[in-house]
Each structure stands twice: as C-alpha cells, then as structure tokens.
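Excluded from the calculations below are hydrogen atoms, water molecules and symmetry mates; all remaining heavy atoms, backbone and side chain alike, are included. A, B, ... follow the sequence lines: proteins, then strands. Residue 1 opens every chain. Everything numeric in this text was worked out from a predicted model, so none of it was measured.
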Amino acid sequence: MPGMFERIYEIVRRIPPGRVATYGQIAILAGMPRGARVVGYAMASCPEGKNVPCHRVVDSRGNTKAAFNVFQRGVQRMMLEAEGVAFGADGRVDMARYRWDGISK
DNA sequence: GCAGTGACCGTGA
DNA sequence: CTCACGGCCACTG
C-alpha cells in the first residue's frame, strides 16, 4: 500500500513546466482539504531520484523562501525562471498568472 | 500507541 | 500592509 507521500508525489509530477502549485492546492488534489502541512512534510523528504519537480511548489502567496533549508539560496527561483516563470519585484511568483489549474498538463 | 515535529493556511487584530 | 495564533495530519522515535 502506497503512503500519502507517493500520492502527493504523483500530483506534483502532473504540474506542467512553467507553472506552480501551492501546498494547499496539492493537499486538495490529494484528498486532504486541510493537509497542507503534510504536503510540506512530503516535500521536505522530496526524493531526488524520482522525477518529482518539487521546485514548482510554493506557498499560497507565491513565496519560495520557505524552502531555504532544502534549496540553496536562489536555486529554486532560478529553476522556475528557466521554465518561464517570472518573479515580481517583491521576489514572489505572480500567482494569478502562473498558478496551475490542477487539470491541464 | 503516544508525543513531538513540520517547504502550511486562513483568520483576526 | 504585518504579526500572532490555532488547526491541520502523516511520519518518526
């Protein structure tokens, strides 16, 4: 039986390049409407050999700074920019523009 | 089985 | 706008 982590990773794998998703959004898609923290916990254990684009996961305000303990300074931002995701002057992602709808591939 | 932990989120002051 | 607080739930020892 796969745990919730595997389920969460499956959702993250569906995020298309050039798009981002929030923890809460992924939690909903995984069937845990209030399980945003579990998603964060899963990302903290993000397996590196499994093709999981964990850099496309940001918080509800488009902030990537939460991942300081996992990504080195600026790495996550560079990876996203390389895919075409633009950051605002405040250093956050424009969510209205790049938020994944949860459907499109 | 219990208690502690955590890349969070929404609300209210 | 910022800050603090409570709730959330799988995982770990």
Side-chain angles (χ1 to χ4, degrees):
Chain A
M1 283 290 292
M4 294 309 302
F5 278 31
E6 285 301 323
R7 192 161 182 179
I8 291 170
Y9 296 143
E10 280 303 313
I11 306 286
V12 176
R13 282 194 193 96
R14 305 210 307 244
I15 306 174
R19 287 324 219 11
V20 297
T22 70
Y23 300 90
Q25 180 182 359
I26 292 169
I28 291 172
L29 293 173
M32 294 181 293
R34 293 164 196 173
R37 296 199 69 169
V38 177
V39 176
Y41 191 29
M43 292 301 100
S45 309
C46 189
E48 295 196 7
K50 288 193 178 177
N51 244 356
V52 181
C54 45
H55 61 281
R56 295 181 191 141
V57 182
V58 300
D59 73 12
S60 64
R61 299 162 200 155
N63 212 332
T64 63
K65 291 176 182 167
F68 262 13
N69 294 321
V70 179
F71 289 100
Q72 299 205 351
R73 192 181 181 83
V75 171
Q76 185 178 14
R77 171 170 179 163
M78 275 173 31
M79 292 177 75
L80 289 174
E81 288 178 329
E83 296 180 348
V85 176
F87 282 67
D90 55 6
R92 292 183 297 168
V93 176
D94 182 351
M95 296 309 287
R97 193 170 159 187
Y98 296 106
R99 187 180 212 262
W100 178 43
D101 55 20
I103 301 171
S104 58
K105 184 171 40 174

What verdict does the side-chain contact (heavy atoms from CB on, under 4.5 Å) test give for L29(A) and W100(A), after you've listed the backbone C-alpha separation in whole Å, the side-chain angles of each residue and the deciding distance to 0.1 Å?
CA-CA 12 Å; L29(A) 293 173; W100(A) 178 43; 3.8 Å; yes

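Among the duplex regions that DNA chain B forms, those built from at least three successive Watson-Crick or G-U pairs under 3.5 Å are B:2-6 with C:9-13, B:8-13 with C:2-7, ordered by first number.
Within the structure, salt bridge (Lys or Arg N to Asp or Glu O under 4.0 Å) contacts touching residues 95-105 of chain A (residues at least two apart or in different chains) do not occur. Residue pairs meeting the ring pair (Phe, Tyr, Trp, His ring centres under 6.0 Å) criterion with at least one member in residues 11-37 of chain A: none, sequence neighbours excluded.
A search for salt bridge (Lys or Arg N to Asp or Glu O under 4.0 Å) contacts involving R92(A) returns D90(A), not counting sequence neighbours. Remark: R19(A) engages no residue in a salt bridge (Lys or Arg N to Asp or Glu O under 4.0 Å) (not counting sequence neighbours). Under the salt bridge (Lys or Arg N to Asp or Glu O under 4.0 Å) criterion, R34(A) pairs with no residue, sequence neighbours left out. For R37(A), the side-chain hydrogen bond (donor to acceptor under 3.5 Å, both in side chains) criterion is met by no residue, not counting sequence neighbours. Residues satisfying the side chain to side chain contact (heavy atoms under 4.5 Å, CB included) criterion with S45(A), sequence neighbours excluded, are F5(A), Y9(A).
dA7(B) and dG13(C) are spaced 22 Å apart, taking the C1' atom of each and rounding to whole Å.
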Pair up each side-chain donor or acceptor in residues 73-86 of chain A with any protein partner under 3.5 Å, not counting sequence neighbours, and list the distances.
residue : atom : partner : partner atom : Å
Q76(A)  : NE2  : H55(A)  : O            : 2.9
Q76(A)  : NE2  : V57(A)  : O            : 3.2
R77(A)  : NE   : E81(A)  : OE2          : 3.0
R77(A)  : NH2  : E81(A)  : OE2          : 3.4
E83(A)  : OE1  : G18(A)  : N            : 3.2
E83(A)  : OE1  : R56(A)  : NE           : 3.0
E83(A)  : OE2  : H55(A)  : NE2          : 3.0
E83(A)  : OE2  : R56(A)  : NE           : 3.2
E83(A)  : OE2  : R56(A)  : NH2          : 2.7

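The footprint of chain A on DNA chain B, defined by a heavy-atom cutoff below 4.0 Å, extends from dG6(B) to dG10(B).
Salt bridge annotation for K50(A)-E10(A): absent, with no cationic side-chain nitrogen under 4.0 angstrom from a carboxylate oxygen.
Both M43(A) and Y41(A) belong to a single network of hydrophobic side chains, linked directly or stepwise wherever heavy atoms of I, L, V, M, F, W or Y lie under 4.5 Å apart.
A heavy-atom distance below 4.5 Å is found between the side chains of R7(A) and M4(A).
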At under 4.0 Å between heavy atoms, how does the protein contact nucleotides 3-11 of chain C? Give one character per nucleotide, 5' to 3', with B, S or -.
----BBBBB

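DNA chain B lies under 4.0 Å from no heavy atom of any residue of residues 88-105 of chain A.
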